[in-house]
Enquirer: 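Dropping the structure in here first, questions after.
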Amino acid sequence: MQMADLMDSEGWKEVGYEYLCIDDCWMAPQRDSKGRLQADPTRFPSGIHHLANYVHSKGLKLGIYADVGKKTCAGYPGSFGHYDIDAETFANWGVDLLKFDGCYCDSVEQLADGYKHMSLALNKTGRSIVYSCEWPLYMWPFRKPNYTEIRQYCNHWRNTGDVYDSWQSVKSILNWASFNQKTIVSAAGPGGWNDPDMLVIGNFGLSWDQQITQMALWAIMAAPLFMSNDLRHISPHAKALLQNKDVIAINQDPLGKQGYLLRKEDNIEVWERPLSDLAWAVAIVSLQEIGGPHSFTMNIASLGQGVACNPACHITELLPKKKKLGFYEWTSCLKTRINPTGTVLLRLDSQTT
């Protein structure tokens with residue numbers, strides 16, 4: 001409830017953060033006499049419906065957690081065999097988002113059937129509930145997921161394990177996304193997104209440059225932006241980064257195309273993302289972990305599949321600092337400097353727009 005208060009009063013809602021989500025361990029260890037999930041009486045003494053009403057009173061939406069298998073990952077009651085009644089329960093409580101985990105499933109067939117069943121059960125309630133799946137994450141060890149099918153049933157889906165508050169974790173998620181981009185990028189678009197897990201900006205494990213990298217790359221990847229932090233103890237810097245309207249605009253661009261790794265050379269990665277109005281976002285990431293800033297020069301003609309600046313464009317640096325870099329012709333070069341493990345995020349606006 002304190003988080004809802006802060007999301008309402010500290011400008012989070014205004015820039016687009018609208019879901020307040022509770023994760024595993026909210027449940028009582030057993031279902032009630034009618035087979036329904038119930039809230040842990042100590043953690044949520046007034047129940048989830050009361051919490052949903054409070055969150056809604058702040059102009060926000062409530063997200064909740066459940067599991068497709070027999071138990072949640074932490075050992076609380078799973079939804080297997082109870083998909084319809086759990087969907088009804090969540091709708092009756094006023095829940096707006098369901099994160100559906102994939103622990104304690106006996107087979108990939110049971111997993112897939114469970115995710116499909118819950119999707120249909122949620123729709124049957126008549127309540128608009130965002131459906132966040134972990135279907136491909138649990139499918140990958142056995143076979144390549146069918147993203148066309150997953151997209152039919154889910155609004156976003158996790159491909160990788162949980163993010164941790166560490167550079168190693170963020171880096172491994174980016175590596176996975178770029179390595180598998182031929183498979184996953186085309187699956188993303190309005191209504192269904194790849195979810196690289198939460199932003200850990202404003203915690204303890206990332207340097208300032210690494211926090212910039214996570215924000216920039218999550219925007220490039222069209223990732224759902226969920227924060228995992230304590231809004232009661234967040235630094236002004238981290239708050240400003242998470243509320244950066246220019247970066248959020250790239251993340252939320254209505255064209256809805258996910259970005260990708262364009263190339264990698266000498267510990268520098270160049271990522272790009274097509275935006276509406278013929279604009280492009282470009283992120284230049286330094287994977288160097290020691291030493292000082294790295295100079296990097298690139299040909300403008302190589303960006304945006306050769307069309308981003310044809311015949312010319314205006315380039316604005318959004319991160320680390322907002323500044324107009326000016327007018328560039330297709331034949332020119334752009335020189336920049338990137339801090340170790342940091343990112344320079346650029347927006348390229350076509351001269352014709």
Side-chain angles (χ1 to χ4, degrees), residues 170-171 173-175 177-179 181-182 184-186 188 194 196 199 209-223 225 241 244-288 293-353:
V170 170
K171 197 168 59 169
I173 289 169
L174 291 172
N175 286 343
S178 59
F179 184 78
Q181 63 186 19
K182 281 198 172 78
I184 65 168
V185 166
S186 59
N194 290 293
L199 297 164
D209 284 302
Q210 291 158 4
Q211 292 179 69
I212 287 170
T213 294
Q214 193 186 24
M215 191 71 187
L217 270 294
W218 263 234
I220 290 282
M221 293 191 294
L225 299 184
L241 178 60
N244 186 310
K245 289 180 182 172
D246 295 312
V247 182
I248 291 171
I250 286 174
N251 173 261
Q252 300 281 308
D253 185 79
L255 187 63
K257 284 195 178 296
Q258 182 170 330
Y260 48 84
L261 175 65
L262 177 66
R263 67 175 181 277
K264 181 176 178 176
E265 55 187 75
D266 302 331
N267 264 345
I268 297 283
E269 289 185 346
V270 180
W271 293 66
E272 64 180 18
R273 178 180 179 187
L275 305 174
S276 45
D277 299 325
L278 305 179
W280 286 77
V282 174
I284 309 153
V285 188
S286 173
L287 298 177
Q288 186 179 306
H294 197 95
S295 287
F296 182 70
T297 304
M298 59 186 173
N299 294 321
I300 294 293
S302 69
L303 299 173
Q305 295 169 6
V307 300
C309 290
N310 191 356
C313 64
H314 292 278
I315 301 182
T316 308
E317 179 183 304
L318 301 181
L319 291 174
K321 252 188 220 112
K322 186 169 184 181
K323 54 186 178 197
K324 289 187 176 175
L325 302 186
F327 181 76
Y328 285 79
E329 293 186 321
W330 192 66
T331 52
S332 53
C333 290
L334 176 71
K335 189 172 182 184
T336 189
R337 280 165 74 76
I338 314 111
N339 291 344
T341 67
T343 295
V344 173
L345 179 65
L346 307 172
R347 183 185 170 101
L348 283 52
D349 286 291
S350 167
Q351 191 196 1
T352 57
T353 60

Enquirer: Do R273 and L262 come within less than 4.5 Å of each other through their side chains, counting heavy atoms only?
Expert: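 R273 vs L262: side chains apart.
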Enquirer: Using the rule given for side chain to side chain contact (heavy atoms under 4.5 Å, CB included), can you reason through L348 versus V282, listing the C-alpha separation, both sets of side-chain angles and the distance that settles it, and then say yes or no?
Expert: CA-CA 8 Å; L348 283 52; V282 174; 4.1 Å; yes
Enquirer: Are D253 and S276 close enough that a side-chain donor and a side-chain acceptor fall under 3.5 Å?
Expert: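 A donor-acceptor contact under 3.5 Å links the two side chains.
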Enquirer: Using a 3.5 Å distance criterion without hydrogens, assess whether the side chain of E272 forms a donor-acceptor pair with backbone atoms of W280.
Expert: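 Flag not set: sc E272 to bb W280 has no pair under 3.5 Å.
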Enquirer: Which heavy atom in N251 sits nearest to a heavy atom in A222, and how many Å separate them?
Expert: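 So the minimum-distance heavy-atom pair works out to ND2-C, 4.0 Å.
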Enquirer: Do N267 and H294 pass the side chain to side chain contact (heavy atoms under 4.5 Å, CB included) test, and can you show the C-alpha distance, the side-chain angles, and the key distance before you say yes or no?
Expert: CA-CA 10 Å; N267 264 345; H294 197 95; 5.7 Å; no
Enquirer: Could you check whether any side-chain heavy atom of F296 comes within less than 4.5 Å of a side-chain heavy atom of V270, counting everything from C-beta outward?
Expert: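 Result yes, sub-4.5 Å side-chain heavy-atom pair found.
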Enquirer: For I338 and V285, run side chain to side chain contact (heavy atoms under 4.5 Å, CB included): C-alpha distance rounded to whole Å, both residues' side-chain angles, the deciding distance at 0.1 Å, then the answer.
Expert: CA-CA 7 Å; I338 314 111; V285 188; over 6 Å; no
Enquirer: Identify the heavy atoms of L217 and W271 that sit nearest to each other, and give their distance.
Expert: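 Heavy atoms only, the tightest pair is CD1-CD2, 3.4 Å.
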Enquirer: Say you draw a straight line from CG of N175 to CD of E269; how long is it, rounded to the nearest 0.5 Å?
Expert: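 It comes to 6.5 Å.
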Enquirer: Hey, does the side chain of N339 reach the backbone of G342 with a donor-acceptor pair shorter than 3.5 angstrom?
Expert: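 Here the side-chain-to-backbone pair does not exist.
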Enquirer: Looking at every non-hydrogen atom in both residues, tell me the closest pair between A177 and I184 and how far apart they are.
Expert: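 Result for this residue pair: O-CD1, 4.1 Å.
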Enquirer: By the salt bridge (charged side-chain N to carboxylate O under 4.0 Å, His left out) test, which pairs, at least two apart or in different chains, include something from residues 326-347?
Expert: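 Those involving residues 326-347 are R347-D349.
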Enquirer: Rounded to the nearest 0.5 Å, what's the gap from CD1 on I284 to CG on L334? Could you check?
Expert: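 Answer rounded to 0.5 Å: 6.0 Å.
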Enquirer: What pairs of donor and acceptor atoms, side-chain ones from residues 312-327 against any protein atom, are under 3.5 angstrom apart with sequence neighbours left out?
Expert:
unit_1, atom_1, unit_2, atom_2, d
E317, OE2, K321, N, 3.4
K322, NZ, D246, OD2, 3.0

Enquirer: Return the CG to NZ distance between L287 and K171, rounded to the nearest 0.5 Å.
Expert: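 Reported value, rounded in 0.5 Å steps: 7.0 Å.
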Enquirer: Minimum heavy-atom separation for I300 and C309, please, with both atom names.
Expert: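 Closest pair (atom of I300, atom of C309, distance): CG2-CB, 3.2 Å.
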Enquirer: Verify the neighbour count for atom NZ of K257: are there more than 12 heavy atoms of other residues, nucleotides or ligands below 6.0 Å?
Expert: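 Counting neighbours around NZ of K257, 12 or fewer heavy atoms of other residues, nucleotides or ligands fall under 6.0 Å, so no.
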Enquirer: In Å, rounded to the nearest 0.5 Å, how long is the span from CG of L278 to CG of N310?
Expert: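 Answer for the CG-CG pair, L278 versus N310, is 11.0 Å.
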Enquirer: What is the minimum heavy-atom distance between L345 and I250, and which atoms define it?
Expert: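 Nearest pair, atom of L345 first, then I250: CD2-CD1, 4.2 Å.
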Enquirer: Got N194 and M221 here, is their nearest side-chain heavy-atom distance under 4.5 Å?
Expert: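 When only atoms from C-beta onward are counted, M221 and N194 do not touch, as no gap falls below 4.5 Å.
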Enquirer: Work out which heavy atom in L174 is nearest to a heavy atom in W218; give both atom names and the distance.
Expert: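 It is CD2-CZ3, 4.0 Å.
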Enquirer: Going through the checks in order, is the side chain to side chain contact (heavy atoms under 4.5 Å, CB included) test met by R263 and S302?
Expert: CA-CA 10 Å; R263 67 175 181 277; S302 69; 3.5 Å; yes
